[in-house]
Amino acid sequence: MIFPKAYSALKEDEIYAAWEASGFFQPKAGPPKTFCISMPPPNATGALHIGHAMGLTLQDLMTRYNRMKGKASLWLPGTDHASIATQNKVEKIIFEKDGKTRHDFTRAAFLAYVESFVKESQGTIRRQMRKMGASCDWSRERYTLDEGLTRAVQEVFVRMYRDGLIYRGDRIVNWCPRCASTLADDEVEYKPTKGKFYYFRYGPVVIGTARPETKFLDKTIIVHPKDKRYAKLVGKTFAVPWIDGKVEARVIADSTVDMEVGSGAMTLTPAHSFIDFYLAQKYHLPIIQIIDEKGNLTDAAGEFAGMNAHKAREKIVAKMLVKGLVERIDENYEHNLSVCYRCGTPIEPLVSRQWFIDVNHELRITNYELRKVVGKSRASLKEMGIAVVKKGAIKIIPDRFNKTYFHWMENLRDWCISRQIWFGHRIPVWYCIGDNKCLLACKNPIVSIDTPLACPHCGSKNLKQDPDTLDTWFSSGLWTFSTLGWPEKTRDLKQFHPTSVMETSYDILFFWVARMILMSTYALGQVPFRTVYLHGLVRDKLGRKMSKSLGNGIDPLDMIKKFGADAVRLSLVIGTAPGNDIRLYEEKIAGYRNFVNKVWNIARFVLSRSKKQEARIKNIKMKNFTLADHWILWELGELVKRVNKNLEKFRFSAAGEDIYEFMWHKFADIYIEETKREKREHQQEILEYVLERCLIMLHPFVPFVTEEIWKIMNYELGITNYELLIVQPWVEKLDITVSKARALEFIKAREMKKQPTLSETEKKELKSYIASLEARLKNKQFLAKAPPQVVEKERGRLKEANTKLTIAQNL
RNA sequence: GGGCAUGUAGCUCAGCUUGGUUAGAGCGCUUGAUUCACAUUCAAGAGGUCCCUGGUUCGAGCCCAGGCAUGCCCACCA
């Protein structure tokens, strides 16, 4: 077999094909122990970026490790339809190509176009995942919009509606006028903006606002109950000259008001501010819309009706100036403007009739395990979500994100789930617009999985489905179990849920991880996963976020082409800590490419000396071992212990670094060099023994090169019916023990050989070191309080230093 | 305003869980080595007030308190 001088990553596709053909990506049938990761589904619209590559690497590492440990291991891949993101993207393409908008198409025609686009992208994504070496089970691949998952979505919706968790209501929502849709609270971003801040005379008080155009119908003044300045006003009503004539204004005291802000008094704009909306509900005040879904002023704005709200602002202020209502204007007001996270358009909070999930509604918990965790038989979604993490049913790595998670959960408001876009899961709700024989009952929506044929109340066949679709996170919230076949009681579901690990980026902790916890505890009474491992963001060498506009992005495929997938994988694992961002650049990847080549050449050296047609040595016995033999095997044993411990604790970086250090700087630089000097009987056995164990431990990190070496190794040893490395049993511990004392002797002998002579300054340094050790060993408090092992160690060090000095002085 | 993280060699980062070696690695830099598995290599070397101040301790890069710097998250258009 040809063993080229340098490892060529060109082999990778071939190796991947062999794995795929072997069927080992599918979980084994036998073992009772299982391991499962649901792959976070990338948006079906795009190419994978380096952040995905990092996730794939870590997930693949865990899957391969557990597979080699003999567990039935499933890594389930898939893609997400990503409703708003995809629709926006396709709309943009259509517009750029033909100058058309989606409204130039029928809904069905538009959706067909989107689907064809998605199909194409999915193909690209699959190819990229294969390039990374992802050992996921392609036979179980899912898509959030496929038939089974759609069924799961409908099932959960209907159940939640029947349980009183889903309701339709007129509530204040985040509205994006450009997307013409609602957004969830966490889909809103904040952008620092400079603007004008207006102070208006409003009867007895002065109020401040950045949005005069919403203030037409303000009729309530709110002050803090302890605010002495306004105490006399509370409870009274005033006739206040306002934009369109006089209004009757009432003064209310409520402690949500911050006395320090502005004038300490504010007026309520119930329909266009979240706080005001809740206060209006609390005091049963009328809620009237001033701005409509297009961002235009309603009839409530009188002469300004129909104008774009933002554009009308200055005209309204001009009118108020004339009427003498303007106290002053702060021109340099800095505040955070809320914008749509998809398109950057300023958000318009407004009241709208939408579907919501009630996160505070109490439910009976039927699952015994969950009831034990929650500690009571009834709880709200919010309480369940908090309890499962607090009680350790779910462990988040790194644990500092617990705090963030709790804070978010505790402040969670009802989740608006309806979106006014076309691409997504249609809301399984129909309205009777028929004969109105029984007007009252027909007002109840028909919530059903199957399309109803007739109104259950009046029998009319004139039904209309709700035009809206569901928030994309509704379906991805079901991902861990919908992909396993739920609501059917499948074997996969029983075997693999709860899944073992959720590995994802910390920036979607709220969007997705929290939603999965809510949905899974509700629908299954089970947590979706036992462990959440959060990785950081990949940044450029200067610590900047990678972006198209900066042009500082690193395309994983380019890097794979240049350095090989193994090198790319290592660069994303070693030197990274969970939850911390990492900096990535070509030199780093090149460094790991060098290591991959080193591994290749170690194998080349070891195997070039191998005797053909000889069975591979699985066990070796201690026979006339040299100090070096003792040493390398002892070091290997220590390495195995550390690697296992680190992998169990999700410290992938430490494990990888250890193997790197051992193979390059101990095995290659020292032991292999030693064998060149002196050829002995059992050397070859030891070389092969160490190499084999290293290949196994290294495989989850660098699957391609290790598998290729494995193939050549078996060929060289004349073994034809071997199993692929991907399913070799993991190295739990060494089946040989050597003398630690001999190993340490080897290290000492090397050190003595290395530094026989010392310069004058080095001698001086050594002397002062000896002096400091002696002083410490004479210190009574040290001797009294330090643990005996530490004292012993210090004595040893002193002895060693003295010997060294003596040798140096005698030379 | 609330919270979190980070600060160690020129650069990128380990080490902090459990305080105890003369503080480590990779890249870069300096010097040397080429028929020997690998120049995608090897050997040797230079390079550090472990952000600052104080405290606890026989002993602090590590623990505690305060501060400085940087980055991120949440809240907020009164």
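In the text below, chain A, chain B and the rest are named by the order of the sequence lines, each starting its count at 1.
Look at the P atom in both B/G66 and B/G59: the space between them is 23 Å, to the nearest Å. When the C1' atom is compared between B/G47 and B/G55, the two are found 33 Å apart, to the nearest whole Å. Straight-line distance between the C1' atoms of B/U56 and B/A60: roughly 10 Å, to the nearest whole Å. A gap of 31 Å separates the P atoms of B/A9 and B/U57, to the nearest Å. Rounded to whole Å, the P atom of B/A14 lies 34 Å from the corresponding atom of B/C76. When the P atom is used for both B/C68 and B/A23, the distance is 31 Å, rounded to whole Å. Comparing the C1' positions of B/C52 and B/U6 gives a spacing of 16 Å, expressed to the nearest Å. Rounded to a whole angstrom, the distance from the C1' atom of B/G19 to that of B/G61 is 10 Å.
Salt-bridge formation is not detected for the pair A/Lys561/A/Glu12: no Lys NZ or Arg NE/NH1/NH2 atom is positioned less than 4.0 Å from an Asp or Glu carboxylate oxygen.
No more than 12 heavy-atom neighbours from other residues, nucleotides or ligands sit within 6.0 angstrom of NZ on A/Lys395. Dense packing is recorded around NZ of A/Lys763, with more than 12 heavy atoms of other residues, nucleotides or ligands lying under 6.0 Å away. Few gaps surround CZ on A/Arg229; more than 12 heavy atoms of other groups in view lie less than 6.0 Å from it.
Under the 30°/60° scheme for interplanar angles, the aromatic rings of A/Phe650 and A/Phe652 are found to stand perpendicular. A perpendicular orientation is assigned to the rings of A/Tyr199 and A/Phe197, their planes being inclined by more than 60° (bins at 30° and 60°).
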With B for base contact, S for sugar-phosphate-only contact and - for none (protein heavy atoms under 4.0 Å), nucleotides 73-78 of chain B reads -SBBBB
Scan nucleotides 33-40 of chain B nucleotide by nucleotide, 5' to 3', and note B when protein non-hydrogen atoms come under 4.0 Å of the base, S if they reach only the sugar-phosphate, - if neither.
-> ----BB-B
Under 4.0 Å protein heavy-atom contact, by nucleotide of nucleotides 7-23 of chain B - B base, S sugar-phosphate only = ----SSS---B--BSB-
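Nucleotide B/U41: paired with B/A33 (Watson-Crick or G-U wobble, both distances less than 3.5 Å). When Watson-Crick and G-U wobble pairs are counted only if both distances are under 3.5 Å, B/A75 pairs with no nucleotide at all. Base pairing annotation: B/A69 forms a Watson-Crick or G-U wobble pair with B/U6, both donor-acceptor distances under 3.5 Å. B/C13 and B/G24 make up a base pair, with Watson-Crick or G-U wobble contacts both under 3.5 Å. A 3.5 Å limit on both hydrogen-bonding distances identifies no Watson-Crick or G-U partner for B/U56. Under the Watson-Crick or G-U wobble criterion, with both distances below 3.5 Å, B/G48 has no partner in any strand shown.
Not less than 6.0 angstrom separates the ring centroid of A/His535 from the ring centroid of A/Tyr533. Ring centroid separation for the pair A/Phe563 and A/Tyr592 does not come in under the 6.0 Å cut-off. Centroid-to-centroid, the aromatic rings of A/Tyr7 and A/Phe595 stay 6.0 Å apart or farther.
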Report the C-alpha separation of A/Arg776 and A/Asn779 in whole Å, then their side-chain angles, then the decisive distance to 0.1 Å, and conclude whether the side chain to side chain donor-acceptor pair (under 3.5 Å) test is met.
-> CA-CA 5 Å; A/Arg776 198 176 304 167; A/Asn779 185 324; over 6 Å; no
Start with the C-alpha distance between A/Ser505 and A/Leu534, add both sets of side-chain angles, then the distance that settles side-chain contact (heavy atoms from CB on, under 4.5 Å), and finish with yes or no.
-> CA-CA 5 Å; A/Ser505 151; A/Leu534 298 169; over 6 Å; no
Start with the C-alpha gap between A/Phe511 and A/Tyr341, add the side-chain angles, then the distance that decides, and say whether ring-ring contact (aromatic ring centres under 6.0 Å, His included) holds.
-> CA-CA 12 Å; A/Phe511 283 128; A/Tyr341 84 131; 5.6 Å; yes
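In this structure, A/Glu586 atom CD and B/G28 atom P are separated by 14 Å, rounded to whole Å. Distance A/Tyr592 OH to B/C27 P: 10 Å, rounded to the nearest Å. Rounded to whole Å, atom C1' of B/C4 lies 12 Å from atom CG of A/Asp399. Separating the CG atom of A/Leu509 from the P atom of B/C72 is a distance of 18 Å, rounded to the nearest angstrom. The distance between atom CD1 of A/Ile589 and atom C1' of B/G26, rounded to the nearest whole Å, is 14 Å.
Annotation: cation-pi pair A/Lys390/A/Phe406 present, NZ/CZ under 6.0 Å from the ring centroid and within 45° of its normal.
Distances shorter than 4.0 Å separate some side-chain N or O of A/His665 from OP1 or OP2 on B/G26.
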